[in-house]
Protein chains: 2
Amino acid sequence: MNLPPLVQSFVLHFGEMGSRWGINRTVGQIYALLYVSPDPLNAEQIVDALGISRSNVSMSLRELQAWNLVLLKHLPDDRRDFFTTPDDVWQILRTLAEERKKREVDPTLSVLREILMQQPASDAERHAQARMGEMHNLIEQLTNWYDDVKKLETDRLATLLTLGAKVTRLLEAKDKIVSLGRSKRTTEKG
Amino acid sequence: MNLPPLVQSFVLHFGEMGSRWGINRTVGQIYALLYVSPDPLNAEQIVDALGISRSNVSMSLRELQAWNLVLLKHLPDDRRDFFTTPDDVWQILRTLAEERKKREVDPTLSVLREILMQQPASDAERHAQARMGEMHNLIEQLTNWYDDVKKLETDRLATLLTLGAKVTRLLEAKDKIVSLGRSKRTTEKG
DNA sequence: TCGTAATTTCAGTAATTACTGAAATGACAG
DNA sequence: CTGTCATTTCAGTAATTACTGAAATTACGA
């Protein structure tokens, strides 16, 4: 590996993190490298930087493209492919969320739905279905929220994050006032 | 594998999903099995249900315990260990989030901080640091939000989800009114 | 203190996943 | 077309990860 020390730490860390996800070490490293590079890199440059085979780079880039995490660029008068990552980190986050949803959440939801359609043949199956129902509802609620939020542009999303739980605190206060009013009225009636 | 068909589909799906995370197939299957079982199971029952070795069950349960995803129970007059998952799916989600943060986010943040402390030795390193800074800020913002939200009890959290992006729509409206008021006043002055 | 049942450990092996080099394919200028 | 450079494919191999059975450890009742 042939990189400035500061970049190397980052690349190595991402490699390790990669294997902690489903993604493998090399894919993580290439992504990290592209992320911090000032300009798009071609396959040969990646080979040199990371000390891995040309074919490994090819396969890993294909994987990153499948994840929509990488952009293919062409320079004038150069037939080689160059790769970068999007500049906006929020956009990267969105892409990541979208892809993980597609690969992990959606299939799970559809398996759950299919199972929930079936007729239970025993108490054990009945109980299992009830539990799967709970999981199904949770996931559905989360994805509804996600679908709602994902449309927001970066600055709105940032605002929403900054608010965080403050929103519910506000609602709590409102609830108190409402229920106070209600109990007062009830008292007046009774 | 020796399970009601409906449970088996679920268990198999979780096994596959497990490998798509960092978690392995068996761990995923055991978790799924415990999740849908009406009562706590002991190791032998898991062996019988999934058709895997006793030692594999032991190791996988240890992994699930390390993730805090599984509860150890003891029945009176029985020295065997029995295992379940928590009943509340929201609590499960919280645990999952907490553990993933601990294993994936926190180490990344600390690597980023460490690198950002160092003196760049070139333009390339300077640029890399800037990019890492962006990533650092994004993650920090997300974890601040998370720390804020994770304290909420289940029903409050559900409320927050239900609101979703409606909150920002509200804020947009407020922004418009404020800026309208401001431009009106400006016009009056000019 | 023994004996028994439950659990864990771990070395060896099986299974899976990652990676390489060589060959094939594609893309394009002349 | 032909030659050259770039990329992809893929069979073989390396590396890693998962799993097992046997032995060791633990826990506890008699």
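Naming: A, B, ... by sequence-line order, numbering from 1 per chain. Every value quoted in this text rests on a predicted model; they were computed, and no experiment measured them.
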| Closest nucleotide of DNA chain C for Asn42(B) versus for Gly51(A): which of these residues is on the 5' side? | Asn42(B)
| Does a side-chain heavy-atom distance below 4.5 Å link Ile139(A) with Val105(A)? | yes
| query | Do Glu98(A) and Lys101(A) pass the salt bridge (Lys or Arg N to Asp or Glu O under 4.0 Å) test, and can you show the C-alpha distance, the side-chain angles, and the key distance before you say yes or no? | reply | CA-CA 5 Å; Glu98(A) 191 62 29; Lys101(A) 173 174 183 290; 5.2 Å; no
| field | Side chain of Ser58(A) - closest among dT8(C), dT9(D), dT20(D) | value | dT9(D)
| query | So does Arg62(A) get a side-chain nitrogen or oxygen closer than 4.0 Å to the phosphate oxygens (OP1/OP2) of dT9(D)? | reply | yes
| said: Filter on side-chain hydrogen bond (donor to acceptor under 3.5 Å, both in side chains), then keep only pairs touching residues 14-24 of chain A, sequence neighbours left out; what's left? | reply: Trp21(A)-Glu104(B)
| task | Nearest whole angstrom, please: distance from the P of dA18(C) to the CD1 of Ile30(A). | result | 13 Å
| task | Counting heavy atoms from C-beta on, name the nucleotide in dC19(C), dC10(D), dT20(D) closest to the side chain of Ser55(B). | result | dT20(D)
| query | Closest heavy-atom contact between Asn42(B) and Arg80(B)? | reply | ND2-NH1, 3.2 Å
| message | What is the distance, to the nearest angstrom, from the CG atom on Asp78(B) to the C1' atom on dG29(D)? | response | 14 Å
| Looking at dT9(C), dT7(D), dT9(D), which one has an atom nearest to any side-chain atom of Met59(A)? | dT9(D)
| In whole angstrom, what separates Asp77(B)'s CG from dA5(C)'s P? | 17 Å
| Which part of the nucleic acid, if any, lies within reach of Asp81(A) when heavy atoms closer than 4.0 Å are counted: base, sugar-phosphate only, or nothing? | sugar-phosphate
| remark: From CZ of Arg54(B) across to C1' of dA23(D) the rounded distance in Å is 15 Å
| request: Using a heavy-atom cut-off of under 4.0 Å over every strand shown, decide if Asn24(B) touches base, sugar-phosphate, or nothing. | output: sugar-phosphate
| query | Between atom CG in Asn56(B) and atom C1' in dA22(D), what is the gap in whole Å? | reply | 16 Å
| request: Starting from P on dT17(D), measure out to CZ on Arg25(A) and report it in whole angstrom. | output: 9 Å
| note | CZ (Arg25(A)) and CE (Met17(A)) are apart, to the nearest 0.5 Å, by 15.0 Å
| remark: Closest to the 5' end of DNA chain D, once Ser19(A) and Glu44(A) are matched to their nearest nucleotides, is Glu44(A)
| task | In whole angstrom, give the distance that lies between atom CZ of Arg80(B) and atom P of dT8(C). | result | 14 Å
| query | Roughly how many Å is it from CD1 in Ile23(B) to P in dT17(D), rounded to a whole number? | reply | 15 Å
| query | For dC19(D), does either OP1 or OP2 sit under 4.0 Å from a side-chain N or O belonging to Thr26(B)? | reply | yes
| query | Between dA5(C) and Arg79(B), is there an OP1 or OP2 to side-chain N/O distance shorter than 4.0 Å? | reply | no
